[in-house]
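First the structure, in the form of structure tokens, and then the observations on it.
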2 protein chains.
Amino acid sequence: MQYSVMVEYALHSLVYLIDIPEEESIGIKDLSEFQGLSETYLSKVFGKLSKAGIVSSTPGVKGGYKLAKIPEEISFWDVIEAVEGKKTIFQCKNILKTNLMYRDNEECTSCTQSNPLCLINLTMLEAEEHMRKVLRNKTLAWLNKELDRVLPEKVRTDSQNYFKNKNSN
Amino acid sequence: MQYSVMVEYALHSLVYLIDIPEEESIGIKDLSEFQGLSETYLSKVFGKLSKAGIVSSTPGVKGGYKLAKIPEEISFWDVIEAVEGKKTIFQCKNILKTNLMYRDNEECTSCTQSNPLCLINLTMLEAEEHMRKVLRNKTLAWLNKELDRVLPEKVRTDSQNYFKNKNSN
DNA sequence: ATTATTATAGACTATATTAATCGACGATTA
DNA sequence: TAATCGTCGATTAATATAGTCTATAATAAT
């Protein structure tokens, strides 16, 4: 039970999109090359991010991706949900012949994700919600500030220059 | 990305072990029959619970499982960890050729589960920890009390009687 | 207009995981 | 001694994951 590597690829890649100038964008080829990731696979990740409205794309020569919103409005959870979908972590299968967990005399066949009745499922959802709350509070803007604080300046400017030079060719 | 159904099977099945008399136990056959679950698959679940010290087993005729600890000391998280293992939900692969997320000049190849350095991984671990905290606070004793409060008395006594009668045969 | 470059979509593949089943073995009780 | 039960390992089918490959469409530069 783990999130797919897509989540990791997405979060790491998005970092490089935060600081770029207004009218520029970065292509998948550069992003994958710089990080040593599969180009085709990373393009799938960005397809999902694009569909979720996290990034916007411009096709064609000198095309690429940029953030579709300000970094203050893109949270870790947004990225995870874009890539992993909206499924909950715990699966309430409702397959038990005898389900004693229902509440108020309703059967657990009506225990859906949008209207959970089962106590066990409710507990899991509550726990998940605590995780999501943390993740919703961590935005790309926050991440960028933390990286500025924590990383040597050279490391940050080096990566910025890498993409800047690629764009000016 | 979801927990396996084993977690659901485990939590639902453990409910019936909470209230049984001191020297009794319930067999897989009865547990699976009552809930309409696969007998062989449920036995695998209990193998894991047994290995984790959550239940204890007695083989042979009239054998079965009982809780190995008092229900106050068995949490939802204990059960999940027993069944799913100790992996974290987010996977920090350390496979990025250029990883800019490290802290204090250390490389992210040293970013392990026990000693995470990468900011993204640290954030995910923090979020997971919030979820675990909730799950560690929910014990089988708590669940049992909630079920007493929420379910009609008949439903609870019916299931208790089911296993009691099975044992007296 | 043409060409090169880029995103986008879908089909395809290999591997791993999940949810099961089956059979053999060992301990226990009647 | 026989029937019952937990334990272990091998096996299987279905699904998910992590990729690749190809075709298509849009764009910018020539």
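Reminder, nothing fancy here: chain letters follow the sequence lines and each chain counts from 1. Since this is a predicted model, take the numbers as computed values, not measurements.
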(request) Please work out which of the three classes, parallel, tilted or perpendicular, describes the rings of B/Phe163 and B/Tyr16, given edges at 30° and 60°. (result) tilted

(message) Show every side-chain hydrogen bond (donor to acceptor under 3.5 Å, both in side chains) that has at least one partner inside residues 42-58 of chain A, sequence neighbours left out.
(response) none

(request) Measure from the ring center of A/Tyr3 to the ring center of B/Phe90 and say whether it is less than 6.0 Å. (result) no

(message) Nearest heavy atom decides the nucleotide; on that basis, is A/Val61 or A/Ile26 closer to the 5' end of DNA chain C?
(response) A/Val61

(message) A/Lys133 vs A/His130, test: side chain to side chain contact (heavy atoms under 4.5 Å, CB included). Steps then yes/no.
(response) CA-CA 5 Å; A/Lys133 197 180 163 186; A/His130 279 253; 5.7 Å; no

(message) Could you tell me how far apart A/Leu42 (CG) and C/dT6 (C1') are, to the nearest whole angstrom?
(response) 14 Å

(request) Could you state the atom-to-atom distance from CD1 of B/Ile28 to P of D/dC8 in whole Å? (result) 13 Å

What pairs of nitrogen or oxygen atoms, one from the protein and one from nucleotides 13-18 of chain D, lie under 3.5 Å apart?
from	atom 1	to	atom 2	distance (Å)
D/dA18	OP1	A/Val5	N	3.4
D/dA18	OP1	B/Gln91	NE2	3.4
D/dA18	OP2	A/Val5	N	3.3

(request) Provide, to the nearest angstrom, the distance between the CD atom belonging to B/Glu23 and the P atom belonging to C/dT28. (result) 15 Å

(message) With side chain to side chain contact (heavy atoms under 4.5 Å, CB included) as the test, pick out the partner of B/Phe76 among B/Thr139, B/Asn137, B/Leu143, B/Val134.
(response) B/Leu143

(message) Between C1' on C/dA7 and NZ on A/Lys66, what's the gap in Å once rounded to a whole number?
(response) 14 Å

Measure all distances between protein nitrogen or oxygen atoms and nitrogen or oxygen atoms of nucleotides 8-13 of chain C, and list the pairs falling under 3.5 Å.
from	atom 1	to	atom 2	distance (Å)
C/dT8	OP1	A/Ser57	OG	2.8
C/dT8	OP2	A/Tyr65	OH	2.1
C/dA11	N6	A/Lys44	NZ	3.2

(request) In whole angstrom, give the distance that lies between atom NZ of B/Lys62 and atom C1' of C/dT29. (result) 10 Å

(message) Quick check on DNA chain D: between A/Thr58 and A/Thr40, whose nearest nucleotide comes earlier from the 5' end?
(response) A/Thr40

(message) Without decimals, in angstroms, what is the distance between B/Phe163 CZ and D/dC5 P?
(response) 14 Å

(request) Would you name the heavy atoms of B/Ser25 and B/Lys62 that are closest together and state the gap between them? (result) OG-O, 3.9 Å

(request) Would you please classify the geometry between the B/Tyr41 ring and the B/Tyr9 ring as parallel, tilted or perpendicular, with 30° and 60° separating the classes? (result) perpendicular

(message) What is the distance, to the nearest angstrom, from the NZ atom on A/Lys29 to the P atom on C/dT5?
(response) 7 Å

(message) Rounded to whole Å, please give me the gap between CD in A/Glu24 and C1' in C/dT6.
(response) 16 Å

(message) Mind checking if B/Ser38 touches a base, just sugar-phosphate, or nothing, with heavy atoms under 4.0 Å?
(response) sugar-phosphate

(message) Does any part of the side chain of B/Met124, heavy atoms only, come nearer than 4.5 Å to the side chain of A/Ile80, both counted from C-beta?
(response) yes

(request) Mind telling me whether B/Tyr65 and B/Phe46 have parallel, tilted or perpendicular rings, with 30° and 60° as the class edges? (result) tilted

